[in-house]
Amino acid sequence: MRAVMQPEPLGLHQVFDRCETLFADRPVVLGGAAGPTTTTYGELFAQARAFAGRLTELGLRAGDRVATFAPNTREHLLAYVAVPGSGLVLHTVNIRLSGKEIAYTVEHAGDRVVLVDAALWPEWSAVALPACVEHVIVYGDIAELPERHGNAVVSRFTDPSGVPPREGPWYRPADENEASGICYTSGTTGWPKAVVYSHRSVYLHALTLCGADTFAISEHDVVCPVVPMFHANSWNLPYASLLAGASLVLPAQRTDPAGLAECFAAGGVTFSAAVPTVWANLVAAVGAGEVDPNALSSVQRLVIGGSAASETLLSELAELGIEPVHAWGMTECSPVGLIANPPADAEAAVAAASKSSQGRPMPGLDLRAVEDGVPAPRDGASIGELQISGPYVVADYYGAEAGAVADKFVEHGGKRWLRTGDVVTVDERGYVRLVDRTKDLVKSGGEWISSVALENHLLAHPAVQEAAVIAVPDPKWEERPLAVVVARDVDAAQLRDFLAARVPRWQVPDRFEFVAEVPKTSVGKLDKKRLRGEYA
Ligand code: AMP
């Protein structure tokens with residue numbers, strides 16, 4: 001039997017048309033070259049229409065790629081609207097990749113136009129630009145620009161006048177599976193891999209983030225996406241906010257504790273999201289008296305994701321009167337896949353345990369932990385690789401060489417499962433707990449040691465600010481854990497004793513390295529590949 005409902009394609013046009021119609025008066029505070037400016041969604045959409053008109057004038061056709069090389073600014077948000085809103089595909093280039101990787105992703109995506117933040121011109125202009133790029137448009141303050149970069153004509157964002165703005169409704173895809181954006185994974189091996197989001201997947205994921213039991217983003221919120229707009233669409237917060245009519249505050253480059261506190265206070269931010277280090281630094285700055293806790297008084301919920309949130313960080317945020325929301329994600333899952341909200345009927349202990357887990361699947365997603373090809377029991381103890389499937393999970397990587405990614409997917413039970421490379425347990429209630437990345441587990445004397453668990457315990461020591469545990473080769477045990485820590489007034493023997501009270505003796509690292517800062521990846525996670533290179 002066929003349903004009688006309208007087969008209206010899902011897409012970003014629904015997000016944009018709704019926001020422009022219903023929320024035109026809503027104020028938004030957008031960072032940029034000239035500092036934060038307060039404007040409205042109405043004004044923002046007018047500017048997006050002007051930019052869309054300019055993109056059309058450049059001769060771009062539906063499906064062509066437009067890239068951005070920018071922090072979280074007003075102009076970046078304009079591209080978020082104008083590009084997919086014109087039927088083009090937005091490639092948000094990771095500004096922290098090496099020049100070679102940037103050139104690779106731009107060529108691989110086939111970008112025709114790139115929008116560049118003037119503050120990043122030194123990094124951008126050093127890239128050997130592939131021939132596909134025809135136009136480089138620069139916004140922000142910069143005294144001099146060359147006429148060309150590679151084959152591309154360089155112009156200023158403010159240059160054209162007389163170009164008619166886009167009119168009428170935003171681009172409505174004939175097929176909801178048309179591409180709306182491209183993000184490259186920040187993988188630690190080989191070239192970055194391309195995840196191409198569809199209008200449908202972005203819409204569904206944004207809608208899901210507005211659910212009361214997920215991020216609960218609503219018209220009552222003021223959302224500050226701290227996570228970079230080049231990292232998995234800033235976890236889809238901009239699109240979810242436009243859909244819900246939540247106000248947005250974009251911090252631009254000001255993601256240090258003082259800058260964020262100012263942003264939060266100025267915009268009355270209620271909701272934000274970032275990797276654990278960002279929030280740990282903010283909590284430390286409050287503790288050190290460098291940030292006034294009153295500046296955070298409007299903040300209700302902070303999402304911690306991208307790496308494991310320690311129990312210490314969760315309780316420190318709660319002590320500031322902020323509800324911490326731990327979430328797990330992957331660029332490949334649009335990106336949020338799991339959310340650690342406690343079950344409705346939970347007693348305090350269960351609620352606390354569920355909040356520090358990686359969480360339960362977002363609506364629409366299915367998961368399993370697989371060990372030796374067999375799903376592990378959901379008993380909270382058996383471990384297996386997390387596999388995930390659903391309408392906003394990748395089915396393939398764009399333009400991957402034949403066979404290069406075959407081992408990333410498994411067909412089973414009529415579903416296509418993404419192999420995440422994360423080793424987890426799943427409990428009776430469906431809460432997932434990450435044991436480790438497959439490649440970060442430490443194998444000592446035939447037994448596995450979770451680097452994440454050791455890091456969590458170390459972070460519970462009041463003198464420890466950052467901790468990363470890696471495996472180093474050992475002639476007797478094959479591998480042993482080594483802890484790299486940022487700490488004050490504590491020595492290795494004290495940390496060893498502290499851990500020995502919490503984990504079996506044989507798991508306690510033999511070596512501790514005290515450093516000023518643990519190196520981070522391009523998206524702010526502990527850079528364990530680099531640490532292994534340095535200490536192995
Ligand atoms: P990316 O695609 O760069 O966002 O990286 C995805 C990976 O980040 C996942 O496969 C996990 O290993 C890790 N990750 C993301 N969120 C969490 C979390 N809440 N806890 C632990 N690891 C996480």
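Every number for a ligand or one of its atoms is a count from 1 in the order of the listing.
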For residues 393-406, the side-chain hydrogen bond (donor to acceptor under 3.5 Å, both in side chains) pairs (sequence neighbours left out) are Glu332-Tyr397
So the side-chain hydrogen bond (donor to acceptor under 3.5 Å, both in side chains) pairs with at least one residue in residues 460-474 (sequence neighbours excluded) are Glu466-Lys520
Near ligand 1 (heavy atom, under 4.0 angstrom), the protein residues are Ser186, His231, Gly306, Ser307, Ala308, His326, Ala327, Trp328, Gly329, Met330, Thr331, Gln358, Asp422, Leu434, Arg437, Lys525
Those residues at least two apart in sequence (or on a different chain) that pass side-chain contact (heavy atoms from CB on, under 4.5 Å) with Ala376 are Ala369, Ser382
Mark yes when over 12 heavy atoms from residues, nucleotides or ligands other than Glu411 sit less than 6.0 Å from its CD; otherwise mark no. yes
I want to know whether His91 and Tyr184 have ring centres closer than 6.0 Å. yes
Taking the six-membered ring for Trp, are Tyr203 and His199 closer than 6.0 Å centroid to centroid? no
